[in-house]
Amino acid sequence: MGTLKWNTLGGNWGDSSSWLVLSGSDIIPTSVDDVTIDAPLNYAVSVSGTQSAHDLTINASGSHVEINGALSVHNLSVQSGSVDLFGTLSMTGTLSLAQPSGVAFTMASGSVLQGATVTTSNAIFGPLAGTYDSITVVGLLSTWGANVDVSHGLTLLGSNGVGSGTLDVGDSGTISILNSMTLNNSVILEDNGTIDISAGATLTLGSTTSTIPMGGHYVIIEGQGALVNYGTMTVAASKFGGALWINTPNFDNEGAIVLPAGPQEMVTAGNFSNGGTFSADSITVGGTLAGGGQFDVRSVIAGSIAAGVHITGTGHNIFASSISPQATIDGIINNSNIDITGLPYSFNLNAFWSGTPADGSLTIKDGTTAVASLHLLNVQPGTTFTLAPDGNAVPGTNITAIACFAAGTNIATPHGDTPVEHLRPGDRVRSAFGGDVPVQWIGHRTLSAAGLRNPSAIYPIRIAASAITPGVPARDLFVSPDHALYLDGVLVPAALLVNGSTIDRVPVADITYFHLELPQHDVVLAEGALCESYLDTGNRGDFDNAPPAARAEEDANVIWLSRACAPQCRNGARLEAIRTTLAVVSSMLRVRGGVAGGVGRVG
């Protein structure tokens with residue numbers, strides 16, 4: 001083992017005349033020689049070809065070492081002067097920088113730093129371009145504004161070599177993961193920078209790794225590779241919002257993802273499998289949502305929801321092309337919304353409940369054929385399951401709403417018309433089939449459009465004055481979408497009569513609906529139009545004033561067949577004939593200019 005010292009003001013590393021041999025027989029440094037560059041004044045040392053040394057110390061303020069070829073050393077200490085890396089620097093020991101990187105040490109795009117343990121005077125390494133191959137950084141690794149490749153692993157340690165190190169990806173910087181690797185014992189800070197995982201590679205975040213972007217900023221992890229998280233991922237609370245953007249084909253969470261309440265969210269373009277803990281206000285998954293871990297979330301948008309997924313929380317807005325019957329939705333309350341975007345809506349669809357409020361199933365049938373089934377737990381009072389188109393270009397099926405009269409609707413009584421909200425149990429109302437019958441119960445429910453992805457599902461249907469026949473209704477009638485009118489001997493939900501003119505949905509911020517229960521299912525006169533009374537098909541608990549144990553246990557379809565005052569009509573030639581008749585009335589009203597517009601009395 002020898003010792004050599006730089007002996008010229010400038011020159012090539014491979015030139016023997018540049019070196020002074022202090023000990024040993026090598027006239028050009030080899031892997032067993034310690035080398036010092038400390039000559040005064042300003043000069044450049046050019047490293048070309050393949051060169052080596054054991055320990056290299058640079059301690060000359062004016063020296064500038066430029067590595068264009070490949071240099072292999074054990075330890076490199078830059079006490080003064082600088083190193084510019086354009087080629088490859090391979091190390092088995094420590095790269096020690098007495099000045100901040102970027103001053104004492106720079107890396108160009110295409111350069112490679114391999115095997116080093118990096119320490120710096122300010123405990124920050126970077127932002128530097130190039131490839132980091134199996135390196136360890138003591139302190140903080142920064143990629144702000146730089147494009148960095150990581151190959152064959154990266155280790156981060158605390159500033160004293162103990163505890164968690166830090167990776168700071170920010171200011172449009174990108175760190176690309178070229179090979180599969182596990183990042184342990186680390187804190188990842190992101191300020192709108194990007195981690196890119198190459199195709200075929202998997203980035204695993206170990207159980208001791210946490211990902212924390214600044215408030216109002218983003219964690220962006222993308223690429224064609226896969227991401228696995230065993231650590232903790234979160235977003236700093238901020239009124240400006242923040243997000244986890246995971247744009248990889250597959251993301252597997254086995255750790256914890258916790259996003260604080262507010263505008264923070266997680267968005268992933270591919271498949272998301274959660275075997276750990278997920279807590280957030282909202283999640284958007286471009287592919288399949290899967291896994292048996294905890295999903296505590298209010299809003300879910302997914303390509304599909306797989307078997308085993310258990311979504312908990314209070315109130316939900318869930319949108320998916322398909323939802324497995326073996327998935328579970330827990331905690332439906334008023335104004336919750338489930339949109340099955342891949343189930344084409346038709347007038348022939350019906351929803352049937354079975355089980356108990358604590359644990360039951362909602363089956364969607366097209367006629368007699370089951371086309372979808374939802375497993376629901378802890379269904380809260382005030383919830384209903386009414387079907388409607390979701391408003392998309394290719395209509396899916398939206399599940400929400402309730403069948404009732406809007407506040408302000410006049411109901412015929414022996415003493416004249418009375419607003420529905422003024423009626424009380426014991427009051428008598430006129431039956432369209434003859435006689436006066438007592439009101440037994442009045443249910444009411446207030447709904448808000450705020451926060452609903454498809455608020456039109458709760459909008460009242462306005463049936464304009466004289467839209468059915470001249471003088472019927474006597475003035476504009478407002479009912480919920482599933483409230484049935486008695487027309488041509490059958491009961492037709494109002495939503496199926498919408499024609500965009502005399503019968504249409506009316507946008508509202510909120511709405512209060514009422515329903516009247518009589519001794520038996522009946523037809524009353526609402527603004528002079530024939531409308532059904534309440535029939536308990538298991539949905540009494542959907543009202544705000546529902547009594548205890550309000551939900552019926554019988555199948556809704558059986559109840560309709562055995563207790564309804566008239567058959568339902570939701571499709572077929574009879575419905576088309578009714579719609580054609582109403583279209584003629586609509587044309588006549590338009591000619592006479594008789595279609596009114598106000599919605600002031602809607603509650």
Side-chain angles (χ1 to χ4, degrees), residues 335 337-341 343-352 362 364-367 371 383-392 394-406 409 445 447 449 452-464 467-468 473 476-488 490-508 511-515 523 526-527 529-535 537 539 542 556 560 564 566-572 574-583 585-586 595 599 602:
N335 293 343
N337 188 68
I338 302 173
D339 186 354
I340 305 178
T341 60
L343 177 61
Y345 177 77
S346 76
F347 296 150
N348 202 35
L349 293 181
N350 283 284
F352 300 92
L362 184 71
I364 312 300
K365 293 184 179 180
D366 187 348
V371 292
T383 306
T384 191
F385 308 107
T386 297
L387 308 183
D390 62 8
N392 295 332
V394 179
T397 299
N398 198 76
I399 306 170
T400 188
I402 193 169
C404 301
F405 298 106
T409 301
R445 180 186 181 190
L447 300 172
L452 294 181
R453 182 179 174 89
N454 180 33
S456 65
I458 71 162
Y459 289 167
I461 305 297
R462 179 178 70 91
I463 302 165
I468 299 174
D476 289 359
L477 170 65
F478 296 87
V479 297
S480 62
D482 209 40
H483 198 121
L485 278 71
Y486 183 66
L487 301 169
D488 194 25
V490 292
L491 294 168
V492 184
L496 305 186
L497 302 174
V498 169
N499 56 24
S501 177
T502 55
I503 304 177
D504 207 356
R505 296 178 186 267
V506 178
V508 292
I511 182 76
T512 298
Y513 287 123
F514 292 81
H515 219 335
V523 173
E527 307 294 0
L530 305 182
C531 297
E532 67 170 335
S533 67
Y534 174 67
L535 176 62
T537 58
N539 67 335
D542 298 336
W560 267 102
Q568 286 193 68
C569 179
R570 303 179 76 92
N571 55 74
R574 195 164 191 177
L575 176 61
E576 291 307 312
I578 293 171
R579 290 173 57 86
T580 298
T581 299
L582 295 177
V585 175
S586 175
V595 179
V599 295
V602 177

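- In this structure, H515 and S480 have side chains that are not in contact, with every pair of non-hydrogen atoms separated by 4.5 Å or more.
- I338 has its side chain out of reach of L362: every pair of non-hydrogen atoms, C-beta onward, lies at least 4.5 Å apart.
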Apply side chain to side chain contact (heavy atoms under 4.5 Å, CB included) to residues I461 and R505 and explain how you reach the verdict. CA-CA 5 Å; I461 305 297; R505 296 178 186 267; 3.4 Å; yes
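- At least one side-chain heavy atom of I364 sits less than 4.5 Å from a side-chain heavy atom of L343.
- The distance from atom OG of S586 to atom CG of D504, rounded to the nearest 0.5 Å, is 10.0 Å.
- Side chain of T580 to main chain of E576: a donor-acceptor pair is present (N/O by atom type, distance under 3.5 Å, no hydrogens or angles).
- Rounding to the nearest 0.5 angstrom, the gap separating the CG atom in L487 from the OG1 atom in T581 is 9.5 Å.
- Inter-residue side-chain proximity for T512 and R445 is flagged as unmet; no heavy-atom pair is nearer than 4.5 Å.
- Residues that satisfy the side-chain contact (heavy atoms from CB on, under 4.5 Å) test with P493, not counting sequence neighbours, are D482, L496, R570.
- In this view, A564 and H521, L535, W560 satisfy the side-chain contact (heavy atoms from CB on, under 4.5 Å) rule, not counting sequence neighbours.
- Distance OG/S533 to NE2/H483: 8.0 Å, rounded to 0.5 Å.
- For the pair I463 and L497, the minimum side-chain heavy-atom distance is 4.5 Å or more.
- In terms of heavy atoms, S501 sits closest to R462 at O-NH2, 3.8 Å.
- With sequence neighbours excluded, no residue forms a salt bridge (charged side-chain N to carboxylate O under 4.0 Å, His left out) with D366.
- Taking CG of L582 as the reference point, atom CD1 of I503 lies at 5.0 Å (rounded to 0.5 Å).
- Contact detail for V585 and A467: the closest heavy-atom pair is CG1-O, 3.3 Å.
- For the side-chain contact (heavy atoms from CB on, under 4.5 Å) test, residues two or more places apart in sequence or in another chain that qualify with A526 are F405, T409, I411, L477, C531.
- Every residue was checked against the side chain to side chain donor-acceptor pair (under 3.5 Å) condition with D488, not counting sequence neighbours, and none meets it.
- To the nearest 0.5 Å, atoms OH (Y513) and CZ (F478) are separated by 10.0 Å.
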